Peer 1: 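This is the structure, below, for whatever I ask next.
We name chains A, B, ... by the order of the sequence lines, and we start the count at 1 in each one. Since the structure is predicted, the reported quantities are computational estimates derived from the model, not experimental observations.
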Protein chains: 2
Amino acid sequence: MTYSKNHAFSSELQEIATICKALSHPARIAILKHLSTCSSCISGDITKEIPLSRSTVSQHLQELKKANLIEGEIDGVKICYCLNSKIIKKHFGLLNKILIEISTENKFTKCC
Amino acid sequence: MTYSKNHAFSSELQEIATICKALSHPARIAILKHLSTCSSCISGDITKEIPLSRSTVSQHLQELKKANLIEGEIDGVKICYCLNSKIIKKHFGLLNKILIEISTENKFTKCC
DNA sequence: AAATTATGTCGTATGTTTGCGACATAATTT
DNA sequence: AAATTATGTCGCAAACATACGACATAATTT
């Protein structure tokens, strides 16, 4: 079977879908939330916060990195993660725009 | 292997993740966007808007329904879909809250 | 009553995600 | 140089998502 017809949609829709996909797991939201409030963002500290195995958390971190939502900086043996504020603001703005667009009452009669 | 450890996270995180999952496919965002602007929301009309087969669109509609983002009302042979504005506003408010929380600059020094 | 129309559901193929343990690597300490 | 520490990556298994055609059903038209 041919698969994933994402290319059939506008790049804006694809982009929003990608952002939402990155946010579609509680562990990843928990990581972002944690990073937004803590001073230290050493990988090991994040792992302690998340009720999953170290390798699974590492995987989620890589996904957030791939989505450009976080950055990692090597510091000796440790790796220090933090939010990519600039990209996050840009992405969240786009997401917010469409959320408002969708949740604004339309002018036509509703059927239900 | 045991699977899906969602239960290990707070219900708030789970709820946000669920909303994002519903929005994580371009076809579903396109459907919501379409419903927010059109006067008619007959299932067949939606299907014409989306570049996927009828049965696949139907599947996406069921998922949006399961996530409570849309409602369907039978009208003879046809089915009329519309946004569940109330739930959408509630959910999007929750989502927006966390987006602001995450994207707000924190008060601590950043490591990268 | 047969044909048509609108829509949902099932079965199937395939791709993707989640989760873990085991192994690899590279910096630091002993 | 060996041990320890922090972290990433691989390989696997199970679950889930995507996509489609074929079939089922129920209302409407002929």
Peer 1: Measure from the side chain of B:S53, starting at C-beta and using heavy atoms only, and say which of C:dG19, D:dG21, C:dT5 lies closest.
Peer 2: D:dG21

Peer 1: For D:dA17, does either OP1 or OP2 sit under 4.0 Å from a side-chain N or O belonging to B:K21?
Peer 2: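 True: B:K21 side-chain N/O within range (under 4.0 Å) of D:dA17 OP1/OP2.
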
Peer 1: Phosphate oxygens OP1/OP2 of D:dA17: is one of them under 4.0 Å from a side-chain N or O of B:H60?
Peer 2: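 So the side-chain polar atoms of B:H60 never come under 4.0 Å of the phosphate oxygens OP1 or OP2 of D:dA17.
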
Peer 1: For the pair made of CD1 in B:I79 and P in D:dA27, what is the distance, rounded to whole Å?
Peer 2: 11 Å

Peer 1: Starting from the 5' end of DNA chain C, give me the residue, A:L52 or A:I74, whose nearest nucleotide shows up first.
Peer 2: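 Looking at the nearest nucleotide for each, A:L52 comes out on the 5' side.
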
Peer 1: Report the distance from atom CG of A:D45 to atom C1' of D:dT5, rounded to the nearest whole Å.
Peer 2: 14 Å

Peer 1: State plainly whether one hydrophobic cluster holds both A:L99 and B:L94, where clusters connect Ile, Leu, Val, Met, Phe, Trp and Tyr through side-chain heavy atoms under 4.5 angstrom apart.
Peer 2: yes

Peer 1: OP1 or OP2 of C:dC20 less than 4.0 angstrom from a side-chain nitrogen or oxygen of A:S55, does that happen here?
Peer 2: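 It does not, given that no N or O in the side chain of A:S55 lies less than 4.0 Å from OP1 or OP2 of C:dC20.
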
Peer 1: Specify the separation, in whole Å, of atom CD of A:E63 and atom P of C:dT17.
Peer 2: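 Those two atoms, CD and P, are 6 Å apart.
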
Peer 1: Nearest whole Å is fine: how far is C:dC23 P from A:R54 CZ?
Peer 2: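 Whole-Å distance recorded here is 14 Å.
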
Peer 1: How many Å lie between NZ on A:K66 and P on D:dG8, as a whole number?
Peer 2: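 Going from NZ in A:K66 over to P in D:dG8 covers 15 Å.
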
Peer 1: Dot-bracket for DNA chain D, please. Rules: Watson-Crick or G-U, both distances under 3.5 Å, ( ) within the strand, [ ] when a pair crosses earlier ones, | for another strand, . otherwise.
Peer 2: ||||||||||||||||||||||||||||||

Peer 1: When rounded to the nearest 0.5 angstrom, what distance separates OG in B:S10 from CD1 in B:I16?
Peer 2: 7.5 Å

Peer 1: What is the distance, to the nearest angstrom, from the CD1 atom on A:I50 to the P atom on C:dG19?
Peer 2: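 Rounded to whole Å, this separation is 11 Å.
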
Peer 1: Answer yes when B:E49 and B:K33 have at least one side-chain N-carboxylate O distance shorter than 4.0 Å, and no when they do not.
Peer 2: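 Salt bridge: no.
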
Peer 1: Please give me the minimum heavy-atom distance between A:A30 and A:I50, naming the atom from each residue.
Peer 2: CB-CD1, 3.8 Å

Peer 1: What I want to find out is whether A:E71 reaches A:K86 closely enough, with some N-O distance under 4.0 Å, to be called a salt bridge.
Peer 2: no

Peer 1: Counting only side-chain N and O atoms of A:K65, is one of them less than 4.0 Å from OP1 or OP2 of D:dG8?
Peer 2: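 Result: no.
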
Peer 1: Look at the side-chain N and O atoms of A:T56 and state whether any lies under 4.0 Å from the OP1 or OP2 oxygen of C:dC20.
Peer 2: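 Checking C:dC20 against A:T56, a side-chain N or O does come within under 4.0 Å of OP1 or OP2.
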
Peer 1: CD1 of A:I31 versus P of D:dT7: gap in Å, rounded?
Peer 2: 13 Å

Peer 1: Would you indicate, yes or no, if C:dG8 has its OP1 or OP2 atom less than 4.0 angstrom from a side-chain nitrogen or oxygen of B:Y81?
Peer 2: yes

Peer 1: Is any side-chain N or O of A:R28 closer than 4.0 Å to OP1 or OP2 of C:dT18?
Peer 2: yes

Peer 1: From A:D45 CG over to A:Y81 OH, what is the distance, rounded to the nearest 0.5 angstrom?
Peer 2: 12.5 Å

Peer 1: Does the side chain of B:I70 come within less than 4.5 Å of B:N84's, by heavy atoms?
Peer 2: no

Peer 1: Classify the nucleic acid contact of B:Q62 as base, sugar-phosphate or nothing, counting any heavy atom under 4.0 Å across all strands shown.
Peer 2: sugar-phosphate

Peer 1: Would you say the side chain of A:Q59 and the base of C:dC20 hold a donor-acceptor pair, judged only by whether the two atoms sit under 3.5 Å apart?
Peer 2: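 Result: at least one qualifying N/O pair found.
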
Peer 1: What nucleotide, of D:dC20, C:dT18, C:dG15, holds the atom closest to the side chain of A:Y3?
Peer 2: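 Selected nucleotide: C:dG15.
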
Peer 1: Ring-plane angle category for A:H25 and B:F9, please: parallel below 30°, perpendicular beyond 60°, tilted otherwise.
Peer 2: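 Geometry flag for B:F9 against A:H25: perpendicular rings.
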
Peer 1: Establish, with yes or no, whether the OP1 or OP2 oxygen of D:dG8 is under 4.0 angstrom from a side-chain nitrogen or oxygen of A:S43.
Peer 2: yes

Peer 1: Would you please confirm or rule out a distance under 4.0 Å between OP1 or OP2 of C:dA26 and any side-chain N or O of A:K78?
Peer 2: no

Peer 1: More 5' along DNA chain D: A:F9 or A:G44, using each one's nearest nucleotide?
Peer 2: A:G44

Peer 1: Please figure out whether A:S58 or B:D75 has its closest DNA chain D nucleotide nearer the 5' end.
Peer 2: A:S58

Peer 1: Rounded to whole angstroms, how far apart are CD1 on B:I29 and P on D:dT18?
Peer 2: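 Going from CD1 in B:I29 over to P in D:dT18 covers 11 Å.
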
Peer 1: How far apart are the closest heavy atoms of B:I29 and A:L13, and which atoms are they?
Peer 2: CG2-CD2, 3.6 Å

